[in-house]
Structure formats: C-alpha cells, structure tokens
There are 2 protein chains.
Amino acid sequence: MIRVLLADDQALVRGALAAMLNLEADLSVVAEVSQASEILGTARAVHPDVALIDVQMPGVDGLTAAAELHRLLPAIRIVICTTFGRPGYLARAMAAGASAFVVKDAPPAYLVDTIRRVHSGLRVVDPGLAAESLASGASTLTPRERDVLSAAATGATVGDIARQLHLSAGTVRNHLSAAIGKTGARTSAEAARIADSNGWL
Amino acid sequence: MIRVLLADDQALVRGALAAMLNLEADLSVVAEVSQASEILGTARAVHPDVALIDVQMPGVDGLTAAAELHRLLPAIRIVICTTFGRPGYLARAMAAGASAFVVKDAPPAYLVDTIRRVHSGLRVVDPGLAAESLASGASTLTPRERDVLSAAATGATVGDIARQLHLSAGTVRNHLSAAIGKTGARTSAEAARIADSNGWL
DNA sequence: CGAAGGGCATGACAAGTGTCATGGGGAAGC
DNA sequence: GCTTCCCCATGACACTTGTCATGCCCTTCG
C-alpha cells in the first residue's frame, strides 16, 4: 500500500484528488494539508511514502516546501503538481529534489501511474515540458532584477518599487531596463508578464 | 439519480471531480468535456440534470457557454465553478442564468450539497462572495474601455493597442485614462490588473 | 425633437519610462 | 592581485504615457 500525503490549497480539488486516488487498490491518502507550511510537520507524523504537492499555495510556495521536505526527510518521494506548465517551475522542482512533475492537464491515469513509478524509485517528467524547459533555458535574471520585476508585475510604478526596495528610482530603472533586454520585452509590464509565464518570479 | 455534465479544461481535476461525485449514491457523471464549445452538443446528447462548468477554459469561456446553454436548454441547472472568487464572475454567472456559484476553495461536501439543492430548484450562492460582489459593485467600464484594458493586460503598449483595435493612439490613451480613473489605478498596467482581479475583463 | 452619453479624434503639456555612459564598492574565481 | 560580475547610484536624453480641453458623429431615451 502506497501512503500518499496531499498538499493543495483548494479544498475541492484536494478532496476530489483524494477520492480518486483512494479508488486505487494500492493507494491510500493518509493526510491532506492546505498550506505548504503544514507539510513538514504532517509528514513527520504520518510517514507517507509519496507527497503530492501543488506549486501554487498561499504563503510559502510548494517548491520551497518541497525543497525543505526533501532535505529533512529524503526518504519521501515528491511529486510536484501544478496548473501551469511553466518551464522555470520544472527546473526548480527538479532542483528541489522532486521525483516527478505533473501538469493538471494530464489524464488522471497518468497521475496514478506516476505515483506508482515514483514509489518504485523512478523519476517521471513530461517530455514535452522538459523540451520546452530546455528550449527556454534557465533564467539569467539576477536576484535584484527578479525583485523589481516581481514588484512591477503588481502594477507598481518605478517610484513605488524604489520605495518598496529602498532603492533610488534610477537604480530601479536600470534593473528594469536590464530585465527588459533579457526577456526581449519592450516595456516593464511586458517583461514582468514574460518572466512570470516562464516561472522566473 | 441526478445526472451531471462536467466541463473543466484540466483533465486531472475533471477526472478527480468525476470520481468524487460518482462516490455519491444519488449522483452520476454522465459526460465530461474539456472545452466550452462542446458543452451544448454534449448536453443535447446526454440530457444531464445539472451542468458543472468551470469559468476558465480555452477558447470560449465558461460563462459565455453557460449563458448559451441556459438560453437553449433552460431545463438544465447550471453550477458555475471557479478557482478565482472574483465579484464580476458571480454577477455574470447569475446574469447567465446559473443556479449556483461555487469557489474551488469550498469543501467537497459543499459542492455535492450544492448540486442536490440546485437539482431541487434552489439557487445557491456563497454569502461572503455575494457580499463582496455587492460591495465592489458592477463594472462601469464601457465596452471599448474593456477592449483597451484587455489588450493592455497582455503588456501591449499604446501603439500596439491602437494597431490591434484600429484606433488612433490618442483615442487609446483616452480610453485608458478613463479606465484608470474608474479603477482608481495610477497606471494602465495597474488598471488592467485591478479590472482583471474583479472579473471585469 | 433635444439632451445625454459613448466612441472617435486631435493637439498640447506634464509626468513617467527606457536607454546610455559612467563610476564606486564588494564578492567570487583564476 | 587582477578580472569579472552584480549591486547601487547619478545625470542626461528621447520617447511614451497620463491628463485635459475641445469637437464631431451616432444611438438611445424621455
């Protein structure tokens, strides 16, 4: 019996996934959490074989939590599950020690199959997404460029960002200009959109 | 036995929801579709009692499809289901003839309960979301303002938008300026973000 | 009909943004 | 120790954006 821990912030999706997985004779959902911060403690308590973790969660994101889980409890296999098949997410998931990466577009049988494979020690990655990930390449954004882009993505002006990050307006413009160049965008708003859609923020 | 039609673009979520609903003795998922454009034809073929429709779908969105379904097959009760509890979505869903509006944060039992209530002729709306919807009020954006904001949301510049909509740059600036005023934003990027988060686009 | 309001447009001004050149300080690597 | 790269900053310039006044055409509505 493969013991599964479910982490997803949307109760409806989480419950539905649990129902589906429990239909499989060799799978058992032994815990459900709605926040990334609860993953570690729950994992210590219930000793799951596999943790199915969503990327998008309030507070700490799933990838960060996955990295911590893998560092402290390496015996637990991690399957990262996400709505958005962003290349950057895949790269970060694998770097975090995940054994598999599943997009929510995939057929249900694929997820079940993935959990079984992962439990037997294999790594599972969607080939199409892997290709896209390699094609788009890793982000060349510097940490500071990420900071200003993240702020810009919320619609903040140069002045707002400068105040938020305690920088001069000129510096913010420089970082934004660099980010615009690297993303191939023509405005900071477009650069933020591109970086976000690649999972770089 | 309540016959349910499921419409959600994410195969994993769709399959999981189907598994969960089929566990209920009085519910039966009789059809699953992944695109809004397939809803009407499938509904005609299988005669469901209730249609559970996600807002976010590629191509035609769920709300538009729901309106059409309700117009042509008014006997079918419609439950709108969405990840984002945006006030505008609720308003548009009710205007489209939906009988219920469920956020994916809700507990699984709530969805099952909602389907039963809807089938018996009741309308079900999350009280918190209804309050928020009334508080934020309806969009006062004109159709043209929505157009330019939608384009701006993708990171397009004033010039880009002008070419896309076959307008002069000055006109685009006027519409954007009006939208900025109505949303209380300070830049077009922020206005687009606000309008989107309210479900006005 | 006449008024009101949305869509479209122009022109002009102030403010914000993108780019570039330039320079200082600090950390990492050969 | 020197180079390289990132971070931070300044200043200047061209360009884009946001605002406002003004006007015309059209549809809707009392």
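Here is how names work: the chains are called A, B, and so on, in the same order as the sequence lines, proteins then strands, and each is numbered from 1.
Residue A/I161 contributes atom CD1, which lies 13 Å from atom P of D/dC8 at whole-angstrom precision. Spacing between atom NE2 of B/H166 and atom P of C/dG7 amounts to 17 Å, rounded to whole angstrom units.
The pair A/D196-A/R193 does not count as a salt bridge, with every side-chain nitrogen at least 4.0 angstrom from each carboxylate oxygen.
Between B/D61 and B/T64, the side chains place a donor N or O and an acceptor N or O closer than 3.5 Å (distance only, hydrogens not considered). Side-chain atoms of A/T157 and A/D160 form a donor-acceptor pair, as typed in the model, at a separation below 3.5 Å.
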Which pairs would a plain distance check flag for residues 65-84 of chain A, meaning a side-chain donor or acceptor within less than 3.5 Å of a matching protein atom at least two apart in sequence or in another chain?
from, atom 1, to, atom 2, distance (Å)
A/T82, OG1, A/Q56, OE1, 3.4
A/T82, OG1, A/F84, N, 3.1
A/T82, OG1, A/F84, O, 3.3

Name the atoms and distances for all side-chain donor-acceptor pairs under 3.5 Å in residues 97-113 of chain A, with sequence neighbours left out.
from, atom 1, to, atom 2, distance (Å)
A/K104, NZ, A/D8, OD2, 3.1
A/K104, NZ, A/D54, OD2, 2.7
A/D113, OD2, A/R117, NE, 3.0
A/D113, OD2, A/R117, NH2, 3.4

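Shown here for A/A156 and A/Q164, the closest heavy-atom pair between the two residues is CB-NE2, 4.3 Å. Between A/T183 and A/I180 the shortest heavy-atom distance is OG1-O, 3.2 Å. Residues B/L201 and B/A192 share a closest heavy-atom pair of CD1-O, 3.9 Å. Closest of all the heavy-atom pairs between B/H119 and B/D49 is CD2-CB, 3.6 Å.
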Please write out the pairs of protein N or O atoms and N or O atoms of nucleotides 4-7 of chain D separated by less than 3.5 Å, giving the distance to one decimal.
from, atom 1, to, atom 2, distance (Å)
D/dC7, OP1, A/P143, N, 3.4
D/dC7, OP1, A/R144, N, 3.2
D/dC7, OP2, A/T142, OG1, 2.5

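With sequence neighbours excluded, the residues that form a side-chain contact (heavy atoms from CB on, under 4.5 Å) with A/T142 are A/R144, A/E145, A/K182.
Comparing the start and finish of the helix from C/dC1-D/dG30 to C/dC30-D/dG1, five pairs each, the helix axis swings through 40°, to the nearest 10 degrees.
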| said: Output one letter per nucleotide in nucleotides 15-29 of chain C: B when a protein non-hydrogen atom lies under 4.0 Å from the base, S when only the sugar-phosphate is that close, - when neither is. | reply: --BBBB---------
